[in-house]
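This report refers to the structure that appears directly beneath it.
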Amino acid sequence: MHVLIANDDGIGACGIKALAQAFIDAGHRVTVAAPDTQRSAASHSITMFRPLMARPVEWPGAMAWSIDGTPADCVKLALDKLTGPVDVVVSGINDGYNIGTDVHYSGTVAAAMEGAFAGFPAIAVSVPFGRHDLCAAAAQTALKAADRLYAKQLLPMTVLNINLPDVQLGATRGERAAELSRLRYDGAYLEQENPRVGKYYWLVGGAADEQEAGENDVTLLRKGFITYTVLNFDWTSRGAAERFLQE
């Protein structure tokens, strides 16, 4: 199997190294294409008004490229010019969950979705923020999911989004299919001032304390399950426009 691996944390992130190594050790052909620096929350942006630079990177067992663009750029460019057709696109391992509304901001999910746009099976995989000790387990989870996805593909233009719970290594309660939660943030901008350039603003805050009921990604992760959510590119709300236009 030929696997294209990308991320949004950058080419030097430990998560992408663990992910690539798992596929290399399993005997798969691996191509890595990742941003040259941290590009978290880049969403599905692509670079249009300047050229992209792709620099080869020494990576034992794989072809690897460092690209001065967004996560979506990396997959788009790799598939068109750097590697050609692949069997699966895997994005991660992200340092931090990609759940609920986060998936709309996520460069990790966007890289996987770009692969899905091109017609390839695609996976995004994430661990809790700072839990680098879970990367090896997450890589093995992604490896098994890729084998399963290769044999039994999802619907076209969808991404399998996997998140590992914040529990001790080996203490997960199993795997569960999950819907996206309506995760909400109490985010605000902290205003400060620099004597040279004037006011500037930092985004601060975190997830709201309120908890949802039901079997969604947030509640299942809190219970210790690995969550699997299938994300579809099609945001259409069926019948909503028709209802809006009705007199």
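When reading the values below, keep in mind they use all heavy atoms of this one structure, side chains included, and skip hydrogens, waters and symmetry mates.
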Examine distances only and state if a side-chain atom of Asp217 and a backbone atom of Gly100 form a donor-acceptor pair shorter than 3.5 Å. yes
Taking every non-hydrogen atom, the tightest pair across Gly96 and Ser126: O-CB, 3.3 Å
Scanning both residues in full, the closest heavy-atom pair of Ala22 with Leu143 reads O-CD2, 3.9 Å
Separation between CD1 of Ile11 and CD of Gln38, rounded to the nearest 0.5 Å: 13.0 Å
Walk me through it: do Leu160 and Leu154 pass the test side-chain contact (heavy atoms from CB on, under 4.5 Å)? CA-CA 8 Å; Leu160 180 62; Leu154 299 171; 4.0 Å; yes
Side chain to side chain contact (heavy atoms under 4.5 Å, CB included) test vs Ser40 passes for just one of Asp95, Asp8, Thr108, namely Asp8
Is there side-chain contact between Val125 and Thr141, with heavy atoms separated by less than 4.5 Å? no
Close side-chain approach of Val86 to Val89, heavy-atom, < 4.5 Å: yes
Step-by-step side-chain contact (heavy atoms from CB on, under 4.5 Å) determination, Arg182 to Asn216: CA-CA 9 Å; Arg182 291 176 176 82; Asn216 59 58; over 6 Å; no
Answer yes or no: is there a side-chain heavy-atom contact under 4.5 Å between Ile93 and Ile16? no
Gln21, CD atom: more than 12 neighbouring heavy atoms under 6.0 Å: yes
If the condition is side-chain contact (heavy atoms from CB on, under 4.5 Å), which residues does Ala171 pass it with, not counting sequence neighbours? Val167, Gln168
Can Trp59 be reached from Met1 by stepping across I, L, V, M, F, W or Y side chains whose heavy atoms are under 4.5 Å apart? yes
Before you tell me yes or no, could you show the steps for Leu149 and Ile123 under side-chain contact (heavy atoms from CB on, under 4.5 Å), namely the whole-Å CA-CA distance, both residues' side-chain angles and the distance that decides it to 0.1 Å? CA-CA 9 Å; Leu149 194 60; Ile123 297 169; 3.7 Å; yes
side-chain contact (heavy atoms from CB on, under 4.5 Å) partners of Glu191, counting only residues at least two apart: Lys199, Tyr201
Partners of Asp80 by salt bridge (charged side-chain N to carboxylate O under 4.0 Å, His left out), sequence neighbours excluded? none
Between Gly69 and Thr47, what is the shortest heavy-atom contact and its length? CA-OG1, 4.3 Å
Does Thr31 reach the side chain of Val3, with side-chain heavy atoms less than 4.5 Å apart? no
Contacts of type salt bridge (charged side-chain N to carboxylate O under 4.0 Å, His left out), residue Lys223, not counting sequence neighbours: Glu215
Side chain to side chain, Leu221 and Asn163, heavy atoms closer than 4.5 Å: yes
Under 4.5 Å between any side-chain heavy atoms of Leu231 and Leu180, yes or no? yes
Do Val159 and Val88 share a hydrophobic cluster, counting only Ile, Leu, Val, Met, Phe, Trp and Tyr and linking them when any side-chain heavy atoms are less than 4.5 Å apart? no
Are Phe120 and Val75 joined in one hydrophobic group, where the rule is that I, L, V, M, F, W and Y side chains link up if heavy atoms are under 4.5 Å apart? yes
Residues clustered with Trp235, ILVMFWY side-chain links under 4.5 angstrom: none
Of all pairs that satisfy ring-ring contact (aromatic ring centres under 6.0 Å, His included), the ones with a partner from residues 19-54, not counting sequence neighbours: Phe23-His28, His44-Phe117
Heavy atoms of other groups near Phe129 CZ, more than 12 under 6.0 Å: no
So which atom in Pro165 and which in Leu134 form the shortest heavy-atom distance, rounded to 0.1 Å? O-CD1, 3.6 Å
Please test Arg50 against Asp68 for salt bridge (charged side-chain N to carboxylate O under 4.0 Å, His left out), starting from the C-alpha separation and ending with a verdict. CA-CA 11 Å; Arg50 65 169 178 84; Asp68 66 340; 3.3 Å; yes
How about Ser91 and Pro71: do any of their side-chain heavy atoms sit closer than 4.5 Å? no
Might you point out which heavy atoms bring Ala122 and Ala112 nearest each other, and give the distance in Å? CB-O, 3.1 Å
Salt bridge or not between Asp9 and Lys17? Use side-chain N to carboxylate O under 4.0 Å. no
Could you walk me through whether Leu190 and Gln192 pass the side-chain contact (heavy atoms from CB on, under 4.5 Å) test, one step at a time? CA-CA 7 Å; Leu190 178 65; Gln192 296 185 331; 3.6 Å; yes
Mind jotting down which residue pairs meet the side-chain hydrogen bond (donor to acceptor under 3.5 Å, both in side chains) criterion with at least one end in residues 144-159? Sequence neighbours excluded, please. none
Using 0.5 Å steps for rounding, measure from the OH atom of Tyr97 to the OG1 atom of Thr227. 8.0 Å
Could you identify which residues cluster with Met53, counting Ile, Leu, Val, Met, Phe, Trp and Tyr as linked when any side-chain heavy atoms lie under 4.5 Å apart, either directly or through a chain of such contacts? none
Check: Thr70 side chain, Ser45 main-chain N or O, donor-acceptor pair, under 3.5 Å: yes
Co-members of Trp65 in a cluster of I, L, V, M, F, W and Y side chains, linked at under 4.5 Å: Leu52, Met63, Ile67, Leu77, Leu82
Can Val90 be reached from Val127 by stepping across I, L, V, M, F, W or Y side chains whose heavy atoms are under 4.5 Å apart? yes
Hits for salt bridge (charged side-chain N to carboxylate O under 4.0 Å, His left out) against Arg238, two or more places apart or cross-chain, chain-then-number order -> Asp234
List for me each residue that meets salt bridge (charged side-chain N to carboxylate O under 4.0 Å, His left out) alongside Asp166, sequence neighbours excluded, and say none if there are none. Arg131
Given 3.5 Å as the limit, does a donor-acceptor pair link the side chain of Ser106 with the main chain of Val109, or not? yes
Report the distance from atom CD of Glu114 to atom CG of Asp73, rounding to the nearest 0.5 Å. 8.5 Å
Residues Tyr105 and Thr101: closest non-hydrogen pair is CD1-O, 3.7 Å
Residue pair Tyr228 / Arg176, side-chain heavy-atom distance below 4.5 Å: no
Just by distance, do the side chain of Asp36 and the backbone of Ser66 share a donor-acceptor pair under 3.5 Å? no
Walk me through it: do His104 and Ser43 pass the test side chain to side chain donor-acceptor pair (under 3.5 Å)? CA-CA 6 Å; His104 296 280; Ser43 189; over 6 Å; no
Could you state the interatomic distance from SG (Cys135) to CG (Leu19), rounded to the nearest 0.5 Å? 9.0 Å
Looking at Asn161 and Val230, would you say the former's side chain and the latter's main chain have a donor-acceptor pair under 3.5 Å? no
Other ILVMFWY residues reachable from Phe225 by side-chain steps of under 4.5 Å: Leu220
